[in-house]
Amino acid sequence: MGTKMHLSTVLMILIITVLSRTPWVASVVVPSSNCYAFNNSSHIVDFSSWIGHLFEYEGKDSDLVIRFCKDVESRSQTGYVDFGRFDIFNYFIAGSGQSHFVQGFHNGDLMNCEQSYDKMGRTAQVNIICGNCLTGQCKGRLGCICSVTYESNCRVLVELAIPCEHPGPRVFQGFTVGFHPRSWELVYNGLTQFGFAKSFRDFSFRTEQLQVTLYMTAIASLSSSVQKPSVKVLPNEGLEVRLSGSAANGMPPTTLTPSMLIVGWRCEVARDTPYEVNITIPVEGYEPIHFVLTKMCEYKQAEEGGTTRGWAIFGVLSCIFFVFSTLFCCGGFIYKTKVERQRGIDALPGMTILSACLETVSGAGQGYSRPEDLNSGVASEASWERPPGSVQGPRRSTERKYGSI
Ligand SMILES: *[C@@H]1O[C@H](CO)[C@@H](O)[C@H](O)[C@H]1NC(C)=O
Ligand SMILES: *[C@@H]1O[C@H](CO)[C@@H](O)[C@H](O)[C@H]1NC(C)=O
Ligand SMILES: *[C@@H]1O[C@H](CO)[C@@H](O)[C@H](O)[C@H]1NC(C)=O
């Protein structure tokens, strides 16, 4: 009985662990709101479910109210004073010392705080303690404000204790992936953006687009953690995907020199629904970066590289042939002029064969006489090749035909 209980407990724990981890296995997707932070070892903590949650602290003249990830205000008989708002330019960061996280609220009411930095109005800082107040006064399950300190008329410091969300995976902060060297449409700060976290039918690459280039950047000091990307296609038949570029060769990206990942694809089979191209970039010590591109294949595409490669080989062979023929021709010519002491057309290699052929065709004996052999005074076609007074004397008298040596 005891052993059975034990076994089932272990099983339960295993199942719970697996289930609770499942959403994070594939990649780290950007949270649904801007109400999230990284703990100081880069684990993401998503507070989206806390947005707007009300915390009140009763003071002597006024009450302080925090609306989580929205604003901080001080309420009194005369109305309320805004002590800053949480917005996309906020900061929500890991704390130090006793507080685990720090939230900044800016741009509160300006009246009587015109001297504040850059006319930002009243500001608030909320130090979040995960768990209980240090004094232990917080009894409720959803936390409470431990203390409120007005540093001035225009700035308030609040200590808030809440049961923090369980931290998520370790995010490779600072990493970006975009379609341009200075953009981050796909991955920003290590978080996969909406539309690229899973297959997104509304935005697919067209059939005719043969490749897409992605640019990646990382903080220089961490760039060597980035490893070679890999690709998976769903369904895994019908779309040929090739990765190339500096990122595919394992070049570490930095902020100044993005690495390039060229995704080349070719439709081998036409299909109604787009293909899912899952790209994973492993990062040492962090959750891998993962994003999905969708690709249409309305028609089948011929192998682009095949014909190009064919022509390239043909070109190289032609070139080699040309060079060799030239060398052979020149060599032959030089040999004949220097060693056999032939001149002009006679010295051209192959001329003897050509001449023999002509001789055969036109009938033996009826040779093709050279003009100068006929002793005519007419300027011959061949005469320009021969400098006057050259050593041709002995051969002059003998009738020569092409083909005779
Ligand atoms: C951040 O969260 C992780 C995961 O829970 C934890 O192991 C780590 O200790 C946390 N880091 C800090 C500095 O609190
Ligand atoms: C990390 O958090 C601890 C405790 O919250 C703090 O003491 C430490 O200074 C933090 N480290 C960094 C690098 O911020
Ligand atoms: C690609 O990613 C999607 C979404 O994360 C997932 O549903 C799918 O199974 C993945 N496909 C492959 C082949 O890994």
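Remember, it's 1-based here, ligands and their atoms both numbered in the order they're listed. In what follows, every heavy atom counts, from backbone to side chain, and hydrogens, waters and symmetry copies are set aside.
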> Between Ser41 and ligand 1, is there a nitrogen or oxygen pair with a distance under 3.5 Å?
yes
> Using a strict cut-off of 4.0 Å, indicate which atoms of ligand 1 neighbour a heavy atom of Pro167.
2 (O), 4 (C), 5 (O)
> Parallel under 30°, tilted from 30 to 60°, perpendicular over 60°: which one fits the rings of Phe92 and Phe47?
tilted
> Under 4.0 Å from a heavy atom of Asn40: which atoms of ligand 1 are those, numbered in the order shown and with their elements?
12 (C), 13 (C)
> Show every donor-acceptor pair shorter than 3.5 Å between a side-chain atom in residues 154-166 and any protein atom, with sequence neighbours excluded, or say none if there are none.
from: Arg155; atom 1: NE; to: Glu151; atom 2: OE1; distance (Å): 2.9
from: Arg155; atom 1: NH1; to: Thr123; atom 2: OG1; distance (Å): 3.2
from: Arg155; atom 1: NH2; to: Gln125; atom 2: OE1; distance (Å): 2.8
from: Glu165; atom 1: OE2; to: Ser49; atom 2: OG; distance (Å): 3.4
from: Glu165; atom 1: OE2; to: Trp50; atom 2: NE1; distance (Å): 2.6

> Give the C-alpha distance, both sets of side-chain angles, the deciding distance and a yes or no for side chain to side chain donor-acceptor pair (under 3.5 Å) between Glu298 and Thr207.
CA-CA 6 Å; Glu298 288 149 328; Thr207 311; 2.7 Å; yes
> Would you mind finding which of Ile44, Asn39, Val45 brings a heavy atom closest to atom 14 (O) of ligand 1?
Asn39
> Quick one: which residue pairs count as a disulfide bond (SG atoms under 2.5 Å apart) with a foot in residues 192-223, not counting sequence neighbours?
none
